[in-house]
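Okay, structure first, notes after.
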Amino acid sequence: MLSIVSFTLGSVMTNSYLVADSDSSEAVVIDPADKGRMIVGEAGKHGWHIGNIWLTHAHFDHIAGAGAVADHLNPPPQVALHPDDYPLWRMQGGAMLFGMRIDPGPEPTVDLKHGMAMHLGKYDFEVRHAPGHTRGHVIFYCADVGVAFCGDVIFQGSIGRTDLPGGDYDTLIQSIRTEILTLPDETRLLSGHGPETTVGQERLNNPFLS
Ligand SMILES: [Zn+2]
Ligand SMILES: [Zn+2]
């Protein structure tokens, strides 16, 4: 079974997801926003082993817990990020724009590319490049389970902001049309902020898509 534990963490209430194949006990953390030690502890309670961190994008509020996750794992996890967000990662995800400092953790070593498959136990996740909120934003889509981790591309009734460096409104809308609205209506969307929604619900109700 694919198990998903969600946490809302950090100064801007970012959703982090601990995702595991409960049969093989392999786990990943998607967007460790904060409280890395607590996330590792939660995995330990289930007997899961965190091998990887997958980042939807490199904004500080999605990576600020990565250092502490790595500090509490041996060997440290591999970090996966789209290369177009590496410059943002190197600037601590823009934390200084907000007067903050973060520990972004281990350097990303897995280059995410559009169309590549990421494996978690017996589950495959398709990487879909969806720029517009940041240049290197991706979503992780598991067709077997019908779930997409979509970061700050789309939220229930809203979309990601495009006023930060690297953001572009038209590009974001295009990404939503090609990478989100092409998924089956019943697909669960687990966003970077706010409650869970579905593709069908957003297709019907999202005011930015009408
Ligand atoms: Zn963001
Ligand atoms: Zn965010």
Side-chain angles (χ1 to χ4, degrees), residues 4-19 28-36 38-39 53-69 79-105 108 110-112 114 125 127-141 147-180 188-197 202 206 208-209:
I4 302 169
V5 181
S6 51
F7 312 91
T8 303
L9 301 169
S11 55
V12 291
M13 306 279 284
T14 303
N15 293 328
S16 297
Y17 300 96
L18 173 62
V19 186
V28 300
V29 184
I30 299 179
D31 291 356
D34 200 3
K35 305 263 189 298
M38 183 273 293
I39 295 172
I53 291 174
W54 297 352
L55 301 177
T56 60
H57 65 301
H59 274 150
F60 74 95
D61 61 306
H62 294 252
I63 65 176
V69 168
V79 178
L81 178 67
H82 192 288
D84 290 357
D85 261 17
Y86 282 3
L88 183 59
W89 186 91
R90 280 192 210 94
M91 297 186 336
Q92 294 183 18
M96 59 280 277
L97 288 176
F98 298 87
M100 286 182 234
R101 288 182 68 84
I102 61 155
D103 173 4
V110 179
D111 290 355
L112 297 175
H114 183 74
F125 289 77
V127 174
R128 294 183 158 217
H129 185 208
H133 175 69
T134 65
R135 291 191 178 93
H137 201 302
V138 302
I139 68 169
F140 300 103
Y141 170 56
V147 63
F149 296 89
C150 53
D152 291 358
V153 170
I154 189 167
F155 307 118
Q156 186 192 73
S158 188
I159 60 170
R161 58 191 285 188
T162 54
D163 58 324
L164 295 169
D168 183 76
Y169 184 85
D170 293 339
T171 304
L172 180 60
I173 294 294
Q174 183 62 24
S175 288
I176 293 170
R177 295 202 183 287
T178 58
E179 308 308 332
I180 301 280
R188 296 167 64 196
L189 295 175
L190 300 183
S191 302
H193 303 272
E196 173 174 346
T197 183
E202 296 316 304
N206 193 305
F208 294 90
L209 304 178

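Counting starts at 1 for both ligands and their atoms, following the listed order.
The side chain to side chain donor-acceptor pair (under 3.5 Å) test with T197 is passed by exactly one of Q156, E202, R188: E202. Results of the side chain to side chain contact (heavy atoms under 4.5 Å, CB included) test with P32 over L18, T14, L55 single out L55 as the only residue that passes.
With 2.8 Å as the limit, H62 counts as an N, O or S neighbour of the Zn ion (ligand 2). Among the atoms of H57, an N, O or S atom falls under 2.8 Å from the Zn ion (ligand 1).
Ring geometry for W54 versus F125: interplanar angle over 60°, hence perpendicular rather than tilted (30 to 60°). Ring geometry, H82 versus H129: the interplanar angle falls under 30°, so the pair is classed parallel (tilted spans 30 to 60°). Aromatic ring orientation, H57 versus H62: tilted (interplanar angle from 30° to 60°).
One finds an angle of 90° at the Zn ion (ligand 2) between NE2 on H193 and OD2 on D61, to the nearest 10 degrees. Rounding to 10 degrees, one finds that the Zn ion (ligand 1) sits at the corner of an angle of 170° between H59 ND1 and D152 OD2.
Taking the Zn ion (ligand 1) as reference, H133 places its N/O/S atom NE2 nearest.
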